[in-house]
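Only a predicted model underlies this, so the values are computations on that prediction, with no experimental measurement involved. The figures that follow rest on heavy atoms only: side chains count, while hydrogens, waters and symmetry mates do not.
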Amino acid sequence: MKKLSPGKRQETSSLSISAYAYLEEPVVLQNLVERLAKRDEENSESGLLAGEWEQITTSSLEGYANGDLIMEDDIDILNSLFDTCFLFTCIRKQESNYKMIWVCSLS
């Protein structure tokens with residue numbers, strides 16, 4: 001991406017930048033995270049909930065993932081590899097497997 005020189009600034013409304021991130025092996029990563037979420041099941045407390053409430057169990061873990069980050073504008077394309085830390089959160093309803101529902105980058 002080209003830097004704008006101070007004397008030739010463009011209005012920000014005319015700049016269009018797109019960014020895309022692609023994880024390497026996302027299915028394998030999701031499977032691993034959902035399997036690791038089971039690590040604390042023996043320590044969890046279960047109780048009965050009244051009415052229409054349904055009990056869910058949550059599990060969060062920190063892990064690394066890598067992939068490609070692509071940014072482009074009308075003039076240039078920038079491709080960069082990343083390897084960074086993420087926080088993965090999974091939930092499990094009674095008698096089911098954990099499902100990954102949320103991912104947040106920690107960088």
Side-chain angles (χ1 to χ4, degrees):
M1 302 239 170
K2 295 182 180 180
K3 293 183 181 180
L4 296 176
S5 60
K8 297 183 179 180
R9 292 189 185 258
Q10 296 178 358
E11 291 186 31
T12 56
S13 61
S14 66
L15 293 177
S16 175
I17 298 174
S18 300
Y20 309 93
Y22 298 97
L23 289 174
E24 284 190 24
E25 301 184 24
V27 175
V28 174
L29 178 64
Q30 182 176 356
N31 188 25
L32 177 65
V33 167
E34 289 173 353
R35 285 181 174 201
L36 289 172
K38 290 193 244 185
R39 70 193 186 288
D40 290 330
E41 283 186 347
E42 296 168 2
N43 298 331
S44 65
E45 297 179 19
S46 60
L48 297 174
L49 298 174
E52 297 178 13
W53 291 93
E54 184 176 358
Q55 180 175 336
I56 61 169
T57 304
T58 62
S59 180
S60 294
L61 59 122
E62 179 183 338
Y64 281 84
N66 57 347
D68 283 329
L69 176 64
I70 301 169
M71 293 185 290
E72 63 181 325
D73 61 12
D74 297 333
I75 301 168
D76 208 0
I77 295 176
L78 174 68
N79 185 11
S80 178
L81 299 176
F82 67 87
D83 183 12
T84 190
C85 192
F86 288 88
L87 178 67
F88 300 94
T89 301
C90 300
I91 64 167
R92 179 178 65 90
K93 296 180 181 180
Q94 284 184 323
E95 309 301 325
S96 68
N97 294 324
Y98 278 96
K99 298 291 179 197
M100 185 167 56
I101 60 160
W102 185 258
V103 178
C104 180
S105 172
L106 298 177
S107 63

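Considering only heavy atoms from C-beta on, K38 comes within 4.5 Å of Y98 through its side chain. Considering only heavy atoms from C-beta on, R92 stays 4.5 Å or farther from K99 through its side chain.
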Throw together a table of side-chain donor-acceptor distances under 3.5 angstrom for residues 21-36, partners on residues two or more places apart or in other chains.
| unit_1 | atom_1 | unit_2 | atom_2 | d |
| --- | --- | --- | --- | --- |
| Q30 | NE2 | E34 | OE2 | 3.0 |
| E34 | OE2 | M100 | N | 2.9 |

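Note that the OH atom of Y64 and the CZ atom of F86 stand 11.0 Å from one another [nearest 0.5 Å]. Taken from OG1 in T89 to CG in L61, the straight-line distance is 8.0 Å, to the nearest 0.5 Å. Distance CD1/I77 to OG/S18: 10.0 Å, rounded to 0.5 Å.
Applying the 4.5 Å side-chain rule to ILVMFWY residues, one finds L106 in the same cluster as L87.
Although no hydrogens or angles enter the test, the distance criterion places a donor-acceptor pair under 3.5 Å between the side chain of S59 and the main chain of A37.
Residues that satisfy the side-chain hydrogen bond (donor to acceptor under 3.5 Å, both in side chains) test with T84, not counting sequence neighbours, are S107. Residues passing the side chain to side chain contact (heavy atoms under 4.5 Å, CB included) test with I101 are I91, sequence neighbours excluded.
Between I75 and D73, the closest heavy-atom pair is N-OD1, 2.8 Å.
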Which is it for Y20 and E72 under the side chain to side chain contact (heavy atoms under 4.5 Å, CB included) test, yes or no, and what are the steps along the way? CA-CA 9 Å; Y20 309 93; E72 63 181 325; 3.3 Å; yes
Taking it one step at a time, do L81 and D68 satisfy side chain to side chain contact (heavy atoms under 4.5 Å, CB included)? CA-CA 5 Å; L81 299 176; D68 283 329; 2.5 Å; yes
